[in-house]
Amino acid sequence: MRPIATTPELRAQFWQRFALDELTTAEWEALCDGCGACCLIKFLEDDDAQTDVEYTDVACRLLDCESGYCSNYADRQKYVPDCVSLTPDKLVDMMWLPSNCAYKRLYLGQDLPEWHLLITGDAVATQQGMREAGVGVAGRCVSEVGISEEELEERVVTWIEV
């Protein structure tokens, strides 16, 4: 994930006025709150019960664990072919996303969290709100580089709410 900003190419309150499949690329990208949870390695217990997931604190090698943003977002799939690529048609199969995820929330008919950048218009207020809500992987994850399968199983966390 990468930092987002409100720009002139975003239609006013687009997330309330348009269906997810009607959004422009810029609007779709602006929905991301940058929490980084989708970049964590996770164990899906059952493909049919997608909310039965265990997140680890181990992140994709491209995730900057200090900032919580992808270090090569534009070319991420070139380096990590199985990187999560969210699209409106895939959301039905991605209910393992955290409860704060704007894509999931809008898909389920919920509002954006009050701290979301599209609501606050202030990146500092958004970051503070995310911290207060316990959302985001920044400063709470480690890179997958050098982590063994055995160690992965010991790194399951409970601070991500599905």
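Computed over heavy atoms, backbone and side chain alike; hydrogens, waters and symmetry mates excluded.
Screening residues 80-90 for side-chain hydrogen bond (donor to acceptor under 3.5 Å, both in side chains), with sequence neighbours left out, gives Thr87-Asp89.
Val58 and Val80 fall into different hydrophobic clusters, where Ile, Leu, Val, Met, Phe, Trp and Tyr side chains are chained together by heavy-atom contacts under 4.5 Å. By the criterion of side-chain heavy atoms lying less than 4.5 angstrom apart, applied directly or through intervening Ile, Leu, Val, Met, Phe, Trp or Tyr residues, Leu20 is grouped together with Leu108 in one hydrophobic cluster. A single hydrophobic cluster is not seen to contain both Val84 and Val135; linkage of ILVMFWY side chains at heavy-atom distances under 4.5 Å, directly or through other members, places them apart. Tracing side-chain contacts under 4.5 Å through hydrophobic residues (I, L, V, M, F, W, Y), one never reaches Val145 starting from Val142; they form parts of separate clusters. Under the 4.5 Å side-chain contact rule for hydrophobic residues, Leu63 and Phe43 do not share a cluster.
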**Message:** Walk me through whether Cys39 and Val137 qualify under side-chain contact (heavy atoms from CB on, under 4.5 Å).
**Reply:** CA-CA 9 Å; Cys39 301; Val137 303; over 6 Å; no
**Prompt:** Checking side-chain contact (heavy atoms from CB on, under 4.5 Å) for the pair Tyr55/Trp96: CA distance, chi angles, key distance, verdict?
**Reply:** CA-CA 9 Å; Tyr55 279 84; Trp96 50 262; 3.5 Å; yes
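Closest approach of Arg140 to Gly134, counting heavy atoms only: NH2-O, 2.8 Å. Contact detail for Pro98 and Cys35: the closest heavy-atom pair is CG-SG, 4.3 Å. Summarising the geometry of Cys141 relative to Leu40, their closest heavy-atom pair is CB-CD2, 3.9 Å, with the distance given to 0.1 Å. When all heavy atoms of Met130 and Gly34 are compared, the pair lying nearest together is CE-C, 4.3 Å. The heavy-atom pair separating Leu112 from Ala102 by the smallest distance is CD2-CB, 3.4 Å. Residues Ala30 and Leu118 approach most closely at O-CD1, 3.6 Å, considering heavy atoms.
Put simply, the side chain of Trp15 does not reach to within 4.5 Å of the side chain of Leu23, judged on heavy atoms. Between Pro88 and Tyr103 there is no side-chain heavy-atom pair separated by less than 4.5 Å. Counting heavy atoms from C-beta on, the side chains of Phe14 and Gln16 never come closer than 4.5 Å. Two residues are said to be in side-chain contact when any heavy atoms from C-beta on lie closer than 4.5 Å; Thr24 and Glu9 fail this criterion. Between Asp111 and Ile119 there is no side-chain heavy-atom pair separated by less than 4.5 Å. Considering only heavy atoms from C-beta on, Tyr107 stays 4.5 Å or farther from Leu97 through its side chain. Here the side chains of Phe18 and Leu106 are not in contact, with every heavy-atom distance at 4.5 Å or above.
Atom CG of Leu86 and atom CG of Leu31 lie 10.0 Å apart (nearest 0.5 Å). Between atom CG of residue Asp64 and atom SG of residue Cys70 there is a gap of 9.5 Å, rounded to the nearest 0.5 Å. In this structure, OG on Ser148 lies 7.5 Å from CD on Glu154, to the nearest 0.5 angstrom. Interatomic distance, CD of Gln127 versus CG of Leu117, reported as 9.0 Å (0.5 Å rounding). For the atom pair Asp57 CG and Leu152 CG, the distance stands at 9.0 Å (nearest 0.5 Å). Considering CZ of Arg76 and SG of Cys60, their distance stands at 10.0 Å, rounded to 0.5 Å.
Remark: Glu114 engages no residue in a side-chain contact (heavy atoms from CB on, under 4.5 Å) (not counting sequence neighbours).
Counted within 6.0 Å of CD on Glu66, heavy atoms from surrounding residues, nucleotides or ligands total 12 or fewer; the atom is thus considered open. The number of heavy-atom neighbours closer than 6.0 Å to CD of Gln77, taken from other residues, nucleotides and ligands shown, is above 12.
Between the side chain of Arg155 and the backbone N or O of Glu151 there is no donor-acceptor pair closer than 3.5 Å. Between the side chain of Lys104 and the backbone N or O of Met95, at least one donor-acceptor pair lies under 3.5 Å. With hydrogens and angles ignored, the 3.5 Å screen pairs no side-chain donor or acceptor of Asp75 with any backbone N or O of Lys78. At least one donor-acceptor pair closer than 3.5 Å links the side chain of Arg61 to the backbone N or O of Tyr79. Panel note: side chain Ser99, backbone Glu161; a donor-acceptor pair is recorded below 3.5 Å. Checked by atom type and distance alone, the side chain of Thr126 pairs as donor or acceptor with a backbone atom of Trp115 at under 3.5 Å.
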